Structures are given as structure tokens and as C-alpha cells.
Amino acid sequence: MESQYLISAETFLKFVYPETRDLCKHFLTLVSGILVFSITFSEKIVEFHKADVWPRRLLLFAWSMLVSAFLAGGLSLTMLFVSASRAAGNHPGWGRLMELGGLTLFAAGGAFVLALLTLVACGVLAVLRRERDARKAPAEAA
């Protein structure tokens, strides 16, 4: 056991790793689902082919953050697996890799939240644009 960590390799393997592994798998499923959903319905959200520059850029940024979150989540899962393998074999360095895997998962969560906020901003801009266009239409008809 590495003395700087408060948990033993046995505790990590028995409790922390299985729970974190499940968290990573659920996180990856959620991120990929939201990415596919937002790409599929991008026409409904922002009317991508007619959208102004900012809604398009925001949507592309949200997609890049979702892809980043997915990659970081996968990397975190991999690091945690290698850490568990090292801990099971009593190899040194498992604790640092566990810590790095946790920090990577935390960064993935941050990218995910940023992507969700950006998607909300895209939706707000789309609603405001539709209201603006609706107000213009009667004025142009007269």
C-alpha cells in the first residue's frame, strides 16, 4: 500500500473501483446518447441550415465538449482499470493512477456540464430568433 493514500489496495478493489467503473459506464452511455440526440435533432433545435453564426458555433462547441467528455470518460475508465490491475498485483503506482483517473473523470464531468449549458444557450437563441422572425412577419405583410 502506498502510505500517502487513505485507502488500501484491498479497499480500492472491493469498493472504489467497482462503483467508479459503473459510474464511468453510465456516464459514457449518457454522454453518447445526448450527443446522438443533439445531432439528430439539430434541425429542430437551431434550424442549422438557416441559423445565424453564433447558434451554429455554440452547437459545434457543445458537440466538441460532448466528444471531449466522452474521450475523457473513456480514458478515465482505462486508467482506473490499469490502476485496479496494479493494485491487485501489489505493484507500486496504483494510487497515483487511481487519482489521475478520478481527476480525468472530474474533467469529463466539467466538459459535459459545459456542453449542456451550451445546448441550453443554443435553444434560447433559437427561441429568441423565432420570436423575432414572428414579429417581423406581420410587419412585412402589411
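None of the values given here were measured: they were computed from a predicted structure. These values consider heavy atoms only, across backbone and side chains, with no hydrogens, waters or symmetry-generated copies.
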Would [X] end up clustered with [Y] when hydrophobic side chains under 4.5 Å apart are linked, directly or stepwise?
| X | Y | value |
| --- | --- | --- |
| V120 | L114 | no |
| L77 | L105 | yes |
| V31 | M65 | no |
| L100 | L75 | yes |
| W94 | F15 | no |

Ignoring hydrogens and geometry, is there a side-chain-to-backbone donor-acceptor pair from [X] to [Y] under 3.5 Å?
| X | Y | value |
| --- | --- | --- |
| S38 | I34 | yes |
| S32 | L28 | yes |
| S83 | L97 | no |

- Message: Taking salt bridge (Lys or Arg N to Asp or Glu O under 4.0 Å) as the cut-off, I'd like each qualifying pair that reaches into residues 18-37, sequence neighbours left out, listed once.
- Response: D22-K25

- Query: Would you call S42 and W63 a side-chain contact if the rule is heavy atoms closer than 4.5 Å?
  - Reply: yes

- Query: Which side-chain hydrogen bond (donor to acceptor under 3.5 Å, both in side chains) pairs, counting each pair once, include a residue from residues 110-129, with sequence neighbours left out?
  - Reply: E47-R129

Say you draw a straight line from [atom1] of [X] to [atom2] of [Y]; how long is it, rounded to the nearest 0.5 Å?
| X | Y | atom1 | atom2 | result |
| --- | --- | --- | --- | --- |
| R86 | R96 | CZ | CZ | 10.5 Å |
| L80 | E99 | CG | CD | 11.5 Å |
| Y17 | C24 | OH | SG | 9.0 Å |
| F37 | L66 | CZ | CG | 12.5 Å |
| W54 | F61 | CH2 | CZ | 10.5 Å |
| S76 | F106 | OG | CZ | 12.5 Å |

Where [X] and [Y] come nearest, the two heavy atoms and their spacing:
| X | Y | value |
| --- | --- | --- |
| A62 | A115 | O-CB, 3.6 Å |
| A84 | L13 | O-CD2, 3.3 Å |
| C122 | P55 | SG-O, 3.7 Å |
| R130 | K44 | NH2-O, 2.8 Å |

- Task: Could you walk me through whether M98 and I7 pass the side chain to side chain contact (heavy atoms under 4.5 Å, CB included) test, one step at a time?
- Result: CA-CA 11 Å; M98 171 196 67; I7 63 171; 3.9 Å; yes

- Could you tell me whether E43 atom CD has more than 12 heavy atoms of other residues or ligands within 6.0 Å of it? yes

- Message: For F27 and F70, I'd like to know if the aromatic rings sit close, meaning centre-to-centre distance below 6.0 Å.
- Response: no

- Item | By side-chain contact (heavy atoms from CB on, under 4.5 Å) - contacts of L117 (at least two apart) | V113

